[in-house]
Amino acid sequence: QEKVQQSPESLIVPEGAMVSLNCSFSDSASQSIWWYQQHPGKGPKALISIFSNGNKKEGRLTVYLNRASLHVSLHIKDSQPSDSAVYLCAALYGNEKITFGAGTKLTIKP
Amino acid sequence: DMKVTQMPRYLIKRMGENVLLECGQDMSHETMYWYRQDPGLGLQLIYISYDVDSNSEGDIPKGYRVSRKKREHFSLILDSAKTNQTSVYFCASSFSRGRNERLFFGHGTKLSVL
């Protein structure tokens, strides 16, 4: 079973801080890497994806992908209490299995 | 309306009983998924369905079976439920297969097997 590893497991930062979340994947991962956000009692919600090496910015979110080092990171600028959630990284293995990491639990302290 | 609906939201069953979890989507998506989520393990893929009557095992299919008789509807069945199947079950859908497209998730079904 191919893996997706996320770090840290949990993170507490003050409101307004920059948040950095990490994800590593196996070299057989193909296609885009996705980040999802999951609030308590809800299903995951897709946030942002990246396919090519480099970075992609959408609003307060920036994602960086380096396929050579098998690493993707998500950065949240000017964090808000509503950003408190579990963040999941997802990669596609083979032609069909979308595999998720165990997640990073983010808490933004007002 | 771009929605995935799961029923029921909460379910309590005794060991050995049969369990039916239902999922519907209104986006005419080809591909649907069942995952379970346990603390520390993330989302684990149980089954994938590529269309009506076209299903494939995921990473943890043992103890589960699925049924997809209409494109918009995908069921997960536990025959003779076990206590280790206590979990939160999520259904998801995507437009097509073979690409890591955005998944749309339901709110989940919390199943307790006593």
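Naming: A, B, ... by sequence-line order, numbering from 1 per chain.
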Surrounding [atom1] of [X] (heavy atoms of other residues, nucleotides or ligands, distance under 6.0 Å), is the total greater than 12?
| X | atom1 | answer |
| --- | --- | --- |
| A:K56 | NZ | yes |
| B:I12 | CD1 | no |
| B:K13 | NZ | yes |
| A:M18 | CE | yes |
| B:K82 | NZ | yes |

Atom group of [X] that falls short of 4.5 Å from chain A, counting heavy atoms:
| X | result |
| --- | --- |
| B:S94 | neither |
| B:F104 | neither |
| B:Q37 | side chain |

Counting only non-hydrogen atoms closer than 4.5 Å, does A:Q38 touch chain B with its backbone (N, CA, C, O), its side chain (CB onward), both, or neither?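 For A:Q38, the contact with chain B is made by the side chain alone.
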If I measure from the heavy atoms of chain B, does A:I98 come under 4.5 Å with its side chain, its backbone, both, or neither?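 Backbone plus side chain of A:I98, per the 4.5 Å heavy-atom cut-off to chain B.
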For A:A102 against B:G40, the heavy-atom pair lying closest together: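 For A:A102 and B:G40, the tightest heavy-atom pair comes out as CB-O, 3.7 Å.
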Which heavy-atom pair separates B:E57 from A:K97 by the least distance, and what is that distance?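 Heavy-atom minimum between the residues: O-CE, 4.1 Å.
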Co-members of the apolar cluster containing B:I77 [side chain, <4.5 Å]: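 Members alongside B:I77: B:L20.
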Rounded to the nearest 0.5 Å, how far apart are OG1 of A:T99 and CG of B:L45?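 Reported value, rounded in 0.5 Å steps: 7.0 Å.
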At what distance, to the nearest 0.5 angstrom, does CZ of B:R102 lie from OG of A:S32?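 These two atoms lie 13.5 Å from each other.
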Shared hydrophobic cluster, B:L11 / B:Y89 (ILVMFWY, side-chain heavy atoms < 4.5 Å):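 Shared cluster, yes.
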With a 4.5 Å cut-off on side-chain heavy atoms, are A:Y36 and B:L103 touching?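 Counting from C-beta outward, B:L103 and A:Y36 do come under 4.5 Å.
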